[in-house]
Enquirer: 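Sharing a structure with you now.
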Amino acid sequence: MASRLQQIEGDESVLLRVTHSNLKSFSADVRFPLQMSVESVKDKLWRKCGTSVNSMSLELYDDTNTKVAALTDNSRPLGFYSPLQGYRLHVIDLDPSSVTSGGWLEDTSLVEKYTISEEEYSKHDGTFRKFKEKVLSQNPSAVENKLSNNYMEDLCSNIKVGDRCEVDPGAKRGVVKYVGQAESIAPGFWVGIQYDEPLGKHNGIVKGVRYFECPPLHGAMVRPDKVKVGDYPERDPFEEDEI
């Protein structure tokens, strides 16, 4: 017990694989300080998966997928439960009305979508179609001024899949998951990003085409001029509270 307490008091951390009871595709490697309380661990996970602290239950599994412990005491430090590198921390959402329930965060086909007939759409003013028709009527050559297929290709020379990065605007941090063309979006080269926090728009699928895999609301496709690669480690939201 004394050695365990000494370990917890030290500035040590552990990298755990996090999974979620409702989000089957959610899986993330997250580093936690051993001295962090279970309640603080839940708060950090709430920022990543959307399950509230009061509705969250945590279970720890070893590398053979055997349950090691249920983290039932919010006041205990994480190190009390003796997690090791590579262990899995499983989030159980106890709220039946949680934002993570129902599967719609992962399967957009479950979300009711607004539809409009072609005839009705043509009657509306201020649509993109009307704007495009106006531009072409004023400048017929505009249709020829399309972006080339190698647009911004030169800016991708130093960007590789797996690089840590920071994306503007907003200095959002994450990992490069895709570099290349994306015909379903627009001509030219794009960079696929998995943000550390749920600041994205999708899970790697854009207009029916999968460019990479990532948790829901963590994915984004951006132009390479918005991406800086380098030493951009994941931010710990608790560091901002320290003086």
Enquirer: Testing the 3.5 Å rule here: is there a donor-acceptor pair between the side chains of S21 and H90?
Expert: no

Enquirer: Before you tell me yes or no, could you show the steps for C156 and E153 under side chain to side chain contact (heavy atoms under 4.5 Å, CB included), namely the whole-Å CA-CA distance, both residues' side-chain angles and the distance that decides it to 0.1 Å?
Expert: CA-CA 5 Å; C156 294; E153 180 180 10; 5.6 Å; no

Enquirer: With side chains defined as the heavy atoms from C-beta onward, is the minimum distance between N74 and S37 less than 4.5 Å?
Expert: no

Enquirer: Which pair of heavy atoms, one from V222 and one from Y195, lies closest together, and at what distance?
Expert: CG1-OH, 4.3 Å

Enquirer: Does any non-hydrogen side-chain atom of P187 lie less than 4.5 Å from one of Y151?
Expert: no

Enquirer: In the single-linkage hydrophobic clustering (I, L, V, M, F, W, Y; side-chain heavy atoms under 4.5 Å), do V209 and W190 co-cluster?
Expert: yes

Enquirer: Are D196 and R235 close enough for a salt bridge, meaning some N to O gap below 4.0 Å?
Expert: no

Enquirer: Do T19 and L89 have side-chain heavy atoms sitting under 4.5 Å apart?
Expert: no

Enquirer: Under the side-chain hydrogen bond (donor to acceptor under 3.5 Å, both in side chains) rule, collect the residues that match up with H202, sequence neighbours excluded.
Expert: none

Enquirer: Mark yes when over 12 heavy atoms from residues, nucleotides or ligands other than D73 sit less than 6.0 Å from its CG; otherwise mark no.
Expert: yes

Enquirer: Kindly write out the residues that satisfy side-chain hydrogen bond (donor to acceptor under 3.5 Å, both in side chains) with S148, not counting sequence neighbours, or none if the list is empty.
Expert: N150

Enquirer: Please check if the side chain of R173 supplies one atom and the backbone of P233 the other of a donor-acceptor pair under 3.5 Å.
Expert: yes

Enquirer: As a quick check of understanding, evaluate side chain to side chain contact (heavy atoms under 4.5 Å, CB included) for V167 and C165, giving each step before the final call.
Expert: CA-CA 7 Å; V167 179; C165 64; 4.3 Å; yes

Enquirer: Quick check on the hydrophobic clustering: are L147 and L155 connected, directly or via other members, by side-chain heavy-atom contacts under 4.5 Å?
Expert: yes

Enquirer: Nearest heavy-atom pair of S157 and D154: which atoms, and what distance?
Expert: OG-O, 3.1 Å

Enquirer: Under 4.5 Å between side-chain heavy atoms, counting indirect links through other Ile/Leu/Val/Met/Phe/Trp/Tyr residues: same cluster for M36 and Y87 or not?
Expert: yes

Enquirer: Show the nearest heavy-atom pair for residues C214 and G204, with the distance to one decimal.
Expert: SG-N, 3.9 Å

Enquirer: Is there a chain of hydrophobic side chains (I, L, V, M, F, W, Y, each step under 4.5 Å between heavy atoms) that links L45 to L23?
Expert: yes

Enquirer: What distance do S13 atom OG and L78 atom CG have between them, rounded to the nearest 0.5 Å?
Expert: 10.0 Å

Enquirer: Partners of E119 by side-chain hydrogen bond (donor to acceptor under 3.5 Å, both in side chains), sequence neighbours excluded?
Expert: none

Enquirer: Does S57 have any side-chain hydrogen bond (donor to acceptor under 3.5 Å, both in side chains) partners at least two apart in sequence or in another chain, and if so, which?
Expert: none

Enquirer: Checking K130 side chain against S122 main chain: does a donor-acceptor pair fall under 3.5 Å?
Expert: yes

Enquirer: Do any pairs count as a salt bridge (charged side-chain N to carboxylate O under 4.0 Å, His left out) and have a residue in residues 26-38, sequence neighbours left out, and if so which ones?
Expert: R17-D29

Enquirer: Decide yes or no for E12 and V14: does some side-chain heavy atom of the first lie under 4.5 Å from some side-chain heavy atom of the second?
Expert: no

Enquirer: In terms of hydrophobic clusters joined by side-chain contacts under 4.5 Å, are Y81 and L58 together?
Expert: yes

Enquirer: Please tell me if the side chains of F80 and Q35 come closer than 4.5 Å, counting only heavy atoms from C-beta onward.
Expert: no

Enquirer: How long is the span from the CG atom in L16 to the CG atom in L84, to the nearest 0.5 Å?
Expert: 9.0 Å

Enquirer: Tell me, which pairs form a salt bridge (charged side-chain N to carboxylate O under 4.0 Å, His left out) where one or both residues lie in residues 199-221, sequence neighbours left out?
Expert: none

Enquirer: Sequence neighbours excluded, which residues qualify as salt bridge (charged side-chain N to carboxylate O under 4.0 Å, His left out) partners of R223?
Expert: none

Enquirer: What side-chain donor-acceptor pairs closer than 3.5 Å can you find for residues 174-185, not counting sequence neighbours?
Expert:
from : atom 1 : to   : atom 2 : distance (Å)
Y178 : OH     : Q181 : O      : 2.4
Q181 : NE2    : N149 : O      : 2.7
S184 : OG     : V206 : O      : 3.4
S184 : OG     : Y211 : OH     : 2.5

Enquirer: Would you please name every residue forming a side-chain contact (heavy atoms from CB on, under 4.5 Å) with D95, sequence neighbours left out?
Expert: S55, D93, S97, S98

Enquirer: Taking only residues two or more places apart in sequence, or in another chain, which ones meet D163 in a salt bridge (charged side-chain N to carboxylate O under 4.0 Å, His left out)?
Expert: K160

Enquirer: According to ring pair (Phe, Tyr, Trp, His ring centres under 6.0 Å), does anything in residues 45-70 pair up with another residue at least two apart or in another chain? List the pairs.
Expert: none

Enquirer: Pick from R164, K172, K48: which one makes a salt bridge (Lys or Arg N to Asp or Glu O under 4.0 Å) with E234?
Expert: K48

Enquirer: With side chain to side chain contact (heavy atoms under 4.5 Å, CB included) as the test, would you mind laying out the steps for F32 and V18 before giving the verdict?
Expert: CA-CA 11 Å; F32 299 95; V18 178; 4.3 Å; yes

Enquirer: With heavy-atom distances below 4.5 Å as the criterion, would you say the side chains of V30 and L15 are in contact?
Expert: no

Enquirer: Taking NZ, NE, NH1 and NH2 as the nitrogens, is one of them in K226 or E166 under 4.0 Å from a carboxylate oxygen of the other?
Expert: no

Enquirer: Scan the side chains in residues 64-71 for donor-acceptor partners under 3.5 Å anywhere in the protein, sequence neighbours excluded, and list what turns up.
Expert:
from : atom 1 : to  : atom 2 : distance (Å)
T64  : OG1    : D62 : OD1    : 2.7
T64  : OG1    : D62 : OD2    : 3.3
T64  : OG1    : T66 : OG1    : 3.0
N65  : OD1    : R88 : NE     : 3.4
N65  : OD1    : R88 : NH2    : 2.7
K67  : NZ     : E59 : OE2    : 3.2

Enquirer: Please report the shortest heavy-atom distance between T51 and H20, naming the atom on each side.
Expert: OG1-NE2, 2.7 Å

Enquirer: Quick one, I159 with V227, criterion side chain to side chain contact (heavy atoms under 4.5 Å, CB included). Give me CA distance, side-chain angles, the key distance, then yes/no.
Expert: CA-CA 8 Å; I159 303 176; V227 181; 4.3 Å; yes

Enquirer: A side-chain contact here means heavy atoms from C-beta on lying under 4.5 Å apart; do Y121 and R129 qualify?
Expert: yes

Enquirer: Check whether any side-chain heavy atom of V91 sits under 4.5 Å from a side-chain heavy atom of M56, and report yes or no.
Expert: yes

Enquirer: Does the distance from a Lys or Arg side-chain N to an Asp or Glu carboxylate O, for K44 and E39, drop under 4.0 Å?
Expert: no

